[in-house]
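Comments concern the structure below.
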There are 2 protein chains.
Amino acid sequence: MARTVDPVKHAASRRHIMDSAAVLFAEHGLERTTTAMICEAAGMSPGRLYHYFTGKKSLFIAVLTADRRETGQVLEELRRTEPPLEALLAFVEHLAAPAVAHPLVSQLVLEAMMQAQRDEEVRAILEEVDAEERAGLEELLTRAAEAGEVDAEVEARDGAAWLATLVGAAYLGGLDGGDPSARLAQLRRTVRGYLLLPRV
Amino acid sequence: MARTVDPVKHAASRRHIMDSAAVLFAEHGLERTTTAMICEAAGMSPGRLYHYFTGKKSLFIAVLTADRRETGQVLEELRRTEPPLEALLAFVEHLAAPAVAHPLVSQLVLEAMMQAQRDEEVRAILEEVDAEERAGLEELLTRAAEAGEVDAEVEARDGAAWLATLVGAAYLGGLDGGDPSARLAQLRRTVRGYLLLPRV
DNA sequence: GTCTATACGGAGATAGAC
DNA sequence: GTCTATCTCCGTATAGAC
């Protein structure tokens with residue numbers, strides 16, 4: 001029984017569409033990106049696009065889940081990294097890394113966050129990713145705190161949530177352009193300052 | 001020559017529409033808020049709405065400019081506040097205050113930022129406000145630095161821009177709900193930590 | 001699998017009576 | 001000034017030939 005579809009080609013076609021769409025979603029947002037624009041960017045007809053995706057929203061979600069980062073592996077390694085505070089900082093930088101990679105990535109992530117406010121399906125996906133990230137932050141934060149490398153005033157759960165928010169700030173900063181590596185340095189300094197009580 | 005329109009009533013009508021629309025823009029975003037939704041929320045017909053605004057976008061911009069904060073007055077006062085570092089922190093909190101006031105305010109501000117990425121007119125408005133805020137931050141930051149209350153490593157211009165980004169983080173944090181006043185405390189701690197070099 | 005052509009619905013905006 | 005009714009366009013998605 002010969003397969004009628006080549007799964008490799010099929011995946012490649014999907015990927016090509018997703019890559020084209022991702023740029024447009026980042027630049028113009030979900031609603032202002034028309035399927036016609038996507039078709040033109042991908043160099044294909046609507047019929048073809050809808051052969052690979054059931055609709056614009058499913059394409060958007062496919063884009064989001066494709067770029068989903070695997071934090072598990074990184075986390076596994078950082079659990080053994082010494083000192084614990086450095087491991088935590090490294091994790092924060094890992095999470096913020098996409099923001100400095102390219103302005104469009106920042107825009108896409110922020111667009112996703114906004115959509116999550118308004119769409120249950122998108123919200124569910126991002127929630128999952130966020131929970132994973134926060135759990136990692138909390139774990140590393142707790143470890144650093146136990147090692148006495150973090151000020152006692154910083155509570156694990158709230159602190160982790162706030163760190164996630166600060167990572168978000170790096171994405172916000174990505175909108176204005178400017179030097180990406182400088183932004184990463186600012187973030188690093190900020191997180192250190194937050195975790196270690198500054199002398200007053 | 002009697003005026004045919006009562007300017008007070010006219011302004012009140014505009015205001016009523018803007019108030020109704022602001023909530024919807026915050027909740028659903030610009031594109032997903034239909035004029036029909038606005039009409040229903042405001043309890044009026046499309047004809048009436050278009051009597052007061054030339055279009056949905058002009059209404060959106062009216063909402064943004066109406067909620068525009070007057071930083072000048074606050075800044076004037078903070079210039080004389082001692083110590084300088086406290087003045088700077090107070091200014092940061094002033095800028096972040098709307099974010100803790102109500103979740104919808106956070107959403108509206110973020111929506112505006114996203115629209116600014118895609119619309120020249122919106123961008124121009126926000127740019128103006130942002131520039132004003134950054135100028136204020138830079139001024140107070142410089143003053144605090146000259147008083148030796150801020151670590152020398154923090155450069156005035158970049159530092160001010162980064163502080164503005166951190167204020168943005170407070171708005172981002174507003175999306176997730178949680179205790180608003182706690183978020184303000186986190187921000188305060190973060191900014192202090194950033195400005196004062198923590199002992200390593 | 002891919003195209004062209006088009007159906008369908010909805011949203012912004014207007015017309016014109018009152 | 002305000003309403004009802006409606007126009008027009010455009011965007012999503014589909015139909016059906018190749």
Side-chain angles (χ1 to χ4, degrees), chain A residues 1-64 111 115 118-119 121-122, chain B residues 1-64 111 115 118-119 121-122:
Chain A
M1 230 109 81
R3 299 181 70 112
T4 53
V5 294
D6 181 342
V8 176
K9 281 208 160 189
H10 192 265
S13 285
R14 278 180 61 96
R15 187 78 214 180
H16 174 238
I17 297 172
M18 286 157 62
D19 288 344
S20 306
V23 178
L24 295 168
F25 286 146
E27 285 178 348
H28 309 289
L30 176 59
E31 290 89 355
R32 290 162 79 143
T33 300
T34 68
T35 54
M37 287 162 69
I38 299 170
C39 289
E40 191 187 350
M44 64 180 59
S45 64
R48 191 166 161 189
L49 192 156
Y50 278 87
H51 178 72
Y52 289 97
F53 295 94
T54 64
K56 190 170 76 162
K57 187 176 143 189
S58 87
L59 172 54
F60 182 71
I61 288 179
V63 168
L64 295 188
E111 173 67 17
Q115 292 298 333
R118 296 154 194 162
D119 185 297
E121 211 171 338
V122 175
Chain B
M1 232 105 84
R3 298 181 74 111
T4 55
V5 295
D6 180 343
V8 176
K9 281 209 160 189
H10 192 266
S13 284
R14 278 180 62 96
R15 187 79 213 179
H16 174 238
I17 297 171
M18 286 158 63
D19 288 344
S20 305
V23 178
L24 295 168
F25 285 147
E27 283 179 347
H28 309 289
L30 176 59
E31 290 88 357
R32 288 163 80 144
T33 300
T34 68
T35 53
M37 288 161 69
I38 299 170
C39 289
E40 192 188 349
M44 64 180 58
S45 63
R48 191 166 160 190
L49 193 157
Y50 278 87
H51 178 71
Y52 290 96
F53 295 93
T54 64
K56 190 169 77 160
K57 187 176 145 189
S58 86
L59 172 54
F60 182 72
I61 288 179
V63 168
L64 295 189
E111 173 67 17
Q115 292 298 333
R118 295 155 195 161
D119 184 296
E121 210 171 340
V122 175

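As the structure is a prediction and not an experimental result, all values here were calculated from the model. Convention: sequence-line order gives letters A, B, ...; per-chain numbering from 1.
To the nearest 0.5 Å, atom CG of residue A:Leu30 and atom CG of residue A:Leu24 are 11.5 Å apart. Note that the CE atom of B:Met18 and the CD1 atom of B:Ile61 stand 11.5 Å from one another [nearest 0.5 Å].
Heavy-atom distances under 4.0 Å link DNA chain D to A:Thr33, A:Thr34, A:Thr35 of residues 33-41 of chain A, given in residue order. In the region residues 48-58 of chain B, proximity to DNA chain C at under 4.0 angstrom, judged on heavy atoms, holds for B:Tyr50, B:Gly55, B:Lys56. Residues of residues 16-29 of chain B having a heavy atom closer than 4.0 Å to DNA chain D: none are found.
For residues 32-43 of chain B, the side-chain hydrogen bond (donor to acceptor under 3.5 Å, both in side chains) pairs, not counting sequence neighbours, are A:Glu31-B:Arg32, A:Gln115-B:Arg32. Residue pairs meeting the salt bridge (Lys or Arg N to Asp or Glu O under 4.0 Å) criterion with at least one partner in residues 49-60 of chain A, sequence neighbours excluded, are A:Lys57-A:Asp119, A:Lys57-A:Glu121. Within the structure, ring pair (Phe, Tyr, Trp, His ring centres under 6.0 Å) contacts touching residues 13-36 of chain B (residues at least two apart or in different chains) are B:Phe25-B:Phe60.
Note: CD (B:Glu31) to C1' (D:dT12) measures 16 Å, nearest angstrom. If you measure from atom CE of B:Met44 to atom P of D:dT4, you get 12 Å, rounded to the nearest angstrom. The CZ-C1' distance, from B:Phe60 to C:dG12, rounds to 17 Å in whole Å.
Residues passing the side chain to side chain contact (heavy atoms under 4.5 Å, CB included) test with B:Ala11: none are found, sequence neighbours excluded. Under the side chain to side chain donor-acceptor pair (under 3.5 Å) criterion, B:Ser58 pairs with B:Thr54, not counting sequence neighbours. For the side chain to side chain contact (heavy atoms under 4.5 Å, CB included) test, no residue two or more places apart in sequence or in another chain qualifies with B:Ala12. Residues passing the salt bridge (charged side-chain N to carboxylate O under 4.0 Å, His left out) test with B:Arg14: none are found, sequence neighbours excluded.
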Pairs of donor and acceptor atoms involving the side chains of residues 44-53 of chain A, under 3.5 Å and at least two apart or interchain, shall be tabulated with distances.
unit_1  : atom_1 : unit_2  : atom_2 : d
A:Ser45 : OG     : A:Arg48 : N      : 3.4
A:Tyr52 : OH     : A:Ser13 : OG     : 3.3

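A pairwise comparison of heavy atoms in A:Ala41 and A:Ser20 identifies O-OG, 3.9 Å as the closest pair.
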Under 3.5 Å, which protein N or O atoms sit close to an N or O of nucleotides 15-18 of chain C? Give each pair with its distance.
none

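Residues A:Asp6 and A:His10 are not in side-chain contact: their nearest non-hydrogen atoms beyond the backbone lie 4.5 Å or more apart.
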